[in-house]
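The block underneath contains the structure these notes are about, expressed in structure tokens.
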Amino acid sequence: MQIIIVLVILVVLVFIALIKTIQVIPQASAAIVERFGRYTRTLNAGLNIVVPFIDSIRNRIDLREQVVPFPPQPVITQDNLVVNIDTVIYYQVTDARAATYEVASYIQAIEQLTVTTLRNIIGGMDLERTLTSREEINAALRGVLDEATGKWGIRVNRVELKAIEPPTSIQDSMEKQMRADRDKRAAILTAEGIRQSAILTAEGEKQSAILRAEGEAKASALRAEGEAQAIRTVFESIHAGDPDQKLLSYQYLQMLPKIAEGDANKLWIVPSEIGDALKGLSGAFGNLGGGVPGFNTGAERREEPPVK
């Protein structure tokens with residue numbers, strides 16, 4: 001019975017020894033091995049063999065890039081204004097041994113180094129430059145942190161400012177200034193739009209007037225050309241018909257009633273050529289029927305009083 005108990009104890013010890021001998025390290029991780037409290041080696045990812053009860057695992061470190069946000073820190077600017085700044089640090093452990101033995105807590109060390117560096121940088125800037133120089137502040141922080149954390153086996157890949165919060169009174173003043181600037185830009189844009197609209201309207205009216213004038217000029221030219229063509233046609237027709245004095249006198253008399261038409265014609269004057277026309281007609285009718293009563297066919301010309 002005692003032999004069985006001893007065998008069971010031996011089996012358990014062997015099993016425990018095997019567990020302590022075989023160490024499996026995950027990918028992107030590292031483990032620090034100490035032998036009797038002294039650093040021996042660093043275990044990389046994969047299957048590793050250690051001496052049980054002699055070697056021990058001191059620390060397991062994640063080698064992936066880490067993101068650590070830090071709480072808001074009050075910082076005084078060059079113009080004596082207190083602003084709260086939130087920061088985010090992206091870092092990666094490159095040397096597990098240095099990260100274990102060179103610094104007690106690299107997270108706390110990075111935080112405190114970030115706060116002091118940030119105060120030094122912001123202390124040389126006024127508020128306006130602080131609000132508009134995020135990239136400059138990020139680059140300065142990253143340079144200082146990367147240099148200081150290099151001996152700790154830490155590489156700072158990126159530093160970002162999450163927020164920069166000025167005092168409430170300053171925020172109110174900035175909002176009023178921004179509102180005034182927006183109102184000013186809106187007024188300028190409105191005036192520019194009205195000006196552009198007036199210019200376009202005037203240009204349109206100018207083009208319309210030009211086109212209207214060109215159209216009227218062309219219409220007048222066409223009307224004048226048509227009237228000239230009509231006069232030319234009538235003149236050619238008259239010359240082609242070769243009218244005599246009798247026909248012309250008869251046409252002249254037919255036009256007399258049209259001259260007297262209208263209510264405004266209270267007085268009209270008969271030209272002296274009417275006498276010649278009447279003489280021609282009198283002679284014509286005299287040849288046909290012995291003369292027309294009422295017409296003077298003598299050699300003397302008698303002026304007729306104007307007809308009213």
Side-chain angles (χ1 to χ4, degrees), residues 67 69-90 114 117-144 156-235 258-259 261-266:
V67 181
F70 295 142
Q73 298 294 330
V75 181
I76 301 176
T77 61
Q78 189 178 14
D79 45 0
N80 296 324
L81 294 175
V82 179
V83 295
N84 293 322
I85 300 180
D86 298 350
T87 55
V88 179
I89 304 296
Y90 296 80
T114 300
T117 305
L118 190 61
R119 288 176 178 173
N120 292 333
I121 296 173
I122 300 301
M125 298 181 177
D126 56 9
L127 179 61
E128 183 176 358
R129 185 180 173 190
T130 300
L131 296 175
T132 58
S133 303
R134 288 176 176 253
E135 293 297 331
E136 181 180 352
I137 297 172
N138 293 340
L141 269 175
R142 183 181 179 278
V144 173
V156 177
N157 296 326
R158 193 172 181 180
V159 180
E160 292 291 342
L161 302 182
K162 290 176 59 178
I164 301 177
E165 298 180 359
T168 305
S169 59
I170 300 300
Q171 291 183 10
D172 294 339
S173 300
M174 292 173 61
E175 289 178 359
K176 291 179 181 179
Q177 182 180 1
M178 292 175 61
R179 192 179 302 112
D181 291 339
R182 285 195 296 268
D183 293 341
K184 177 182 177 182
R185 288 195 297 269
I188 292 174
L189 291 176
T190 302
E192 185 67 23
I194 295 174
R195 173 177 170 273
Q196 191 67 22
S197 176
I199 291 175
L200 293 177
T201 302
E203 187 68 23
E205 293 177 354
K206 174 184 175 183
Q207 294 294 332
S208 177
I210 292 174
L211 293 176
R212 192 182 301 111
E214 291 179 353
E216 292 177 356
K218 290 182 180 179
S220 299
L222 291 175
R223 283 195 298 269
E225 184 178 354
E227 292 175 358
Q229 184 66 29
I231 293 173
R232 190 181 304 110
T233 303
V234 172
F235 186 75
K258 294 183 179 180
I259 297 176
E261 288 180 356
D263 297 336
N265 294 331
K266 302 299 183 181

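No hydrogens, no waters, no symmetry mates; every other heavy atom, side chains included, goes into these values. What you are looking at is a predicted structure, and each value in this text was computed from that prediction instead of being measured.
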> Taking all non-hydrogen atoms of both residues, which atom of Val83 and which atom of Pro166 are closest, and how far apart?
Replying inline: CG1-CA, 3.7 Å
> Looking only at heavy atoms, what is the nearest atom pair of Val88 and Lys162, with distance?
Replying inline: CG2-CD, 2.9 Å
> Rounded to the nearest 0.5 Å, how far does CG of Asp126 lie from CD of Gln78?
Replying inline: 6.5 Å
> What's the spacing between Arg158 CZ and Ile89 CD1 if we round to 0.5 Å?
Replying inline: 11.5 Å
> Does Thr190 use its side chain to pair, donor to acceptor, with the backbone of Ala186 at less than 3.5 Å?
Replying inline: yes
> Which heavy-atom pair separates Met125 from Thr130 by the least distance, and what is that distance?
Replying inline: CB-OG1, 3.6 Å
> Do Thr77 and Arg129 come within less than 4.5 Å of each other through their side chains, counting heavy atoms only?
Replying inline: no
>> Can you confirm whether more than 12 heavy atoms, excluding those of Gln207, are under 6.0 Å from its CD atom?
In response: yes
>> To check you understand the geometry: which heavy-atom pair defines the closest contact between Thr114 and Leu141, and what is its length?
In response: O-CD2, 3.9 Å
>> Using only atom types and a distance under 3.5 Å, with no angle test, would you say the side chain of Ser220 pairs donor to acceptor with the backbone of Glu216?
In response: yes
>> Can you list everything that forms a salt bridge (charged side-chain N to carboxylate O under 4.0 Å, His left out) with Glu192? Sequence neighbours excluded, please.
In response: Arg195
>> Please give me the minimum heavy-atom distance between Ala140 and Ile121, naming the atom from each residue.
In response: CB-CD1, 3.4 Å
> What's the spacing between Glu135 CD and Glu160 CD if we round to 0.5 Å?
Replying inline: 7.0 Å
> Which pair of heavy atoms, one from Asp86 and one from Pro71, lies closest together, and at what distance?
Replying inline: OD1-C, 4.1 Å
> Would you say Leu118 and Leu161 make side-chain contact, with heavy atoms under 4.5 Å?
Replying inline: yes
> Is the side chain of Arg119 donor-acceptor paired with the backbone N or O of Ile76 at a distance under 3.5 Å, no angle test?
Replying inline: no
